[in-house]
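Before any comments, here is the structure.
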Amino acid sequence: MNPVGVHALVWVGGWSPQECELAVSSSKAAGYSLIEIPVLDPARIDTAMTRETLRRHGLDAACSLGLAHDTDISSEDPDRVAAGEKLLHRALDVTHDIGAAYLGGVLYSALGRYTTPPSERGRRNAAAVLRELAAAAARAGITLGIEPVNRYESNLVNTAEQALDLIGDVAANNVVVHLDAYHMNIEESDFRAPILRCGDLLGYVHVGESHRGYLGTGSVDLAALFDALAETGYTGPVTFESFSSAVVDPRLSSTLAIWRNLWSDGMDLATSARAEIASHLGRR
Ligand code: MN
């Protein structure tokens with residue numbers, strides 16, 4: 001049975017105690033067993049409060065982030081690499097302190113548009129930082145996920161194949177591929193081949209639509225995606241990701257180019273997506 005999760009941005013844009021309570025209780029009420037909490041700014045997360053709220057509602061958590069250009073570990077600028085390394089280790093501490101066992105996302109570069117290709121030196125910088133991060137994560141019992149994103153959100157890892165290459169260079173056994181249907185729909189040739197290619201190294205999956213709105217109303221081939229997950233025997237988390245201008249995180253929404261109001265009722269959206277996911281998982 002795959003744990004089924006939902007991204008916190010379906011509910012809230014911030015992480016005050018009230019927002020945490022709303023996000024965690026709503027995730028539970030909508031039928032999810034996991035909430036994904038963005039840690040772009042680790043200082044924003046009150047870890048004791050978050051851990052207690054999760055415990056009270058019986059919900060698991062996963063953490064995710066994308067670096068910024070001034071914390072880009074794939075840069076050739078040592079100051080940016082050092083700032084990114086510091087941020088990643090603080091995010092790892094938050095992941096551990098809230099009781100989560102997974103930190104994924106764009107851990108390897110800035111989440112944002114690049115106007116030049118990646119450099120070999122920058123790529124080596126990213127692999128070196130991730131190797132140290134993976135060692136620290138292993139000591140804390142945490143798995144790291146490399147999420148390929150579309151070409152407008154990173155220049156370094158846009159496909160599953162590139163994620164596998166980077167993971168090969170990091171050479172740690174607690175680093176997995178984190179695939180996202182929204183990005184796959186843009187960059188991969190199909191949904192099946194990349195999933196089978198990852199095999200046992202696939203560790204986390206985002207389901208999101210081509211327009212990042214209601215699941216099942218866009219051009220993502222959900223049947224092909226879930227069939228491939230079943231074919232490869234994937235038992236990891238499947239987390240619904242959706243964004244609308246109705247719920248804004250100043251750190252994340254503009255970076256993801258969330259300009260349109262694709263939904264305004266998070267509960268209706270999340271309940272609908274949960275049923276859509278159940279229909280696909282139930283077909284196995
Ligand atoms: Mn994603």
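Just follow the structure's listing: the first ligand is 1, and inside any ligand the first atom is 1.
The side-chain hydrogen bond (donor to acceptor under 3.5 Å, both in side chains) with W11 is formed by just one residue from the set S26, S25, S27; it is S27.
How far CD of E241 is from OG of S64: 7.0 Å, rounded to the nearest 0.5 Å.
H206 lies close to the Mn ion (ligand 1), since one of its N, O or S atoms is found at a distance under 2.8 Å.
Under a 4.0 Å N-O distance rule, the pair D77/R80 qualifies as a salt bridge. Using a cut-off of 4.0 Å between Lys/Arg side-chain N and Asp/Glu carboxylate O, D165 and R123 are scored as not salt-bridged.
Draw a line from the Mn ion (ligand 1) to OE2 of E147 and another to OE1 of E241, and the angle between them is 180° (to 10°).
In terms of distance to the Mn ion (ligand 1), the nearest N, O or S atom of D180 is named OD2.
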